[in-house]
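Beneath this line is the structure, given in structure tokens, with notes to follow.
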Amino acid sequence: MKIELNNLYHRYDVDVLRELTFTLEGYKSVAIIGVSGSGKSTLLRILSGLETPTGGTVSVNDHDVTAPAYRKSVGFVFQSHNLFPHLTLLENITLVLEKTRGRSKKEARDQACRFLTMLHLGDQVHKLPRNVSGGQAQRAAIARALSVDPEVIFLDEPTSALDPVLTYEVLSAIKELRELGMEFVLVSHVMSFVKEFADYVVFMHDGEIGEHGPPSILDNPQTQAMQDFMAKVP
Ligand code: ADP
Ligand code: MG
């Protein structure tokens with residue numbers, strides 16, 4: 001993927017992202033790390049078109065992220081699964097395919113089943129989100145994100161609400177998708193996973209990009225901020 005930030009600036013009541021200018025190209029799985037409040041989610045939401053930046057320009061694979069067509073082509077997975085509670089796992093996906101992709105009922109169903117099977121949920125498709133485990137629901141949310149055929153899938157701490165066993169299930173599923181060639185930008189605090197999954201790491205600190213580089217930067221942080229961060233995460 002290719003990501004270009006030019007003087008990206010974002011402000012709520014305070015400055016959240018401070019004039020970021022940054023380019024990366026040729027990586028397939030990018031991890032964003034950093035302490036809580038450093039601006040990771042804001043950056044991810046802007047990259048995925050869910051939020052319009054206060055200033056500057058941002059493009060992903062040469063698409064302007066503020067273009068309406070871009071948002072429709074993006075897959076996003078939140079901390080909690082955000083599935084519709086009254087719809088089955090299958091219906092959560094067929095709804096997207098029918099409404100935003102104009103697929104027929106049958107096409108939508110076949111495709112949704114294919115994505116759910118890919119996430120090892122083939123035998124759970126008719127269950128409501130509340131009747132499956134948190135890990136299964138989160139995998140269904142990943143299947144839903146895949147269903148729009150995104151160029152890049154954005155994941156914001158997809159396992160932060162899960163216990164270690166379910167975390168392992170979800171992270172394994174993400175790794176399998178990477179093997180299939182899918183591309184990701186992921187915010188995660190699971191450093192062991194970031195190390196083996198990511199081919200590029202961006203460390204955010206106080207609204208700025210503190211350090212960035214291959215995963216080996218995790219073993220040898222150069223700045224005090226990243227040294228402090230690495231000392232605190234397990
Ligand atoms: P992170 O994901 O690294 O924890 P966020 O991007 O969520 O960081 O938040 C960065 C800063 O922006 C924090 O200080 C947070 O309180 C603030 N912030 C995030 N979202 C909003 C919002 N919708 N309205 C006001 N302030 C926000
Ligand atoms: Mg966050």
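Order of appearance sets the numbers: ligands from 1, and atoms from 1 within every ligand.
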Nearest non-hydrogen protein atom, [atom]:
atom: atom 1 (P) of ligand 1; value: Gly37 N, 3.4 Å
atom: atom 23 (N) of ligand 1; value: Tyr12 CE2, 3.7 Å
atom: atom 7 (O) of ligand 1; value: Ser41 CB, 3.6 Å
atom: atom 3 (O) of ligand 1; value: Lys40 NZ, 2.8 Å
atom: atom 8 (O) of ligand 1; value: Gly39 N, 3.2 Å

Tell me if the centroids of the rings in His212 and Phe22 come within less than 6.0 Å of each other.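 Ring centroids of His212 and Phe22 are less than 6.0 Å from each other.
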### Message
Looking only at the aromatic ring of each residue, does the gap between the centers of Phe154 and Phe184 stay below 6.0 angstrom?
### Response
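Here the rings of Phe154 and Phe184 have centres that are no less than 6.0 Å from each other.
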>> Quick check for you: to the nearest 0.5 Å, what is the distance between His10 atom NE2 and Thr52 atom OG1?
In response: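 Answer for the NE2-OG1 pair, His10 versus Thr52, is 8.5 Å.
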[X] side chain to [Y] side chain, donor-acceptor N/O pair below 3.5 angstrom:
X: Asn6; Y: Thr21; answer: no
X: Tyr70; Y: Asp64; answer: no
X: Glu169; Y: His120; answer: no

### Message
By the definition side chain to side chain contact (heavy atoms under 4.5 Å, CB included), identify the one residue from Asn7, Leu5, Leu8, Val16 that meets it with Pro53.
### Response
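Single pass found, and it is Leu8.
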request  = For a side chain to side chain contact (heavy atoms under 4.5 Å, CB included) with Glu51, tell me which candidate from Val65, Ile46, Leu43 qualifies.
outcome  =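 In the set Val65, Ile46, Leu43, the residue that makes a side chain to side chain contact (heavy atoms under 4.5 Å, CB included) with Glu51 is Ile46.
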Practice item. Determine whether any heavy atom of Gly34 lies closer than 4.0 Å to an atom of ligand 1. Key: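 Contact check Gly34 vs ligand 1: negative.
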Inset, instruction - Run down the list Ile46, Thr42, Leu44 and name the one with the heavy atom closest to atom 5 (P) of ligand 1. - result: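 Of the listed residues, Thr42 has the closest heavy atom.
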Original post:
What do you think, any protein heavy atom under 4.0 angstrom from atom 15 (C) of ligand 1?
Top reply: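 Protein heavy atoms within 4.0 Å of atom 15 (C) of ligand 1 - there are none.
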(Q) Heavy-atom pairs closer than 4.0 Å: do any link ligand 1 to the side chain of Val35, the backbone, both, or neither? (A)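 Within the 4.0 Å criterion, Val35 contacts ligand 1 through backbone atoms alone.
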For ligand 1, is any non-hydrogen atom under 4.0 Å from Val16's backbone (N, CA, C, O), its side chain (CB onward), both, or neither?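 Within the 4.0 Å criterion, Val16 contacts ligand 1 through side-chain atoms alone.
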- Item | Contact atoms of ligand 1, heavy-atom distance to Ser36 under 4.0 Å |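 Every atom of ligand 1 under 4.0 Å from some heavy atom of Ser36: 4 (O).
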message = If I take every N, O or S atom of Ser36, is at least one of them less than 2.8 Å from the Mg ion (ligand 2)?
response =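 So Ser36 does not count as coordinating the Mg ion (ligand 2).
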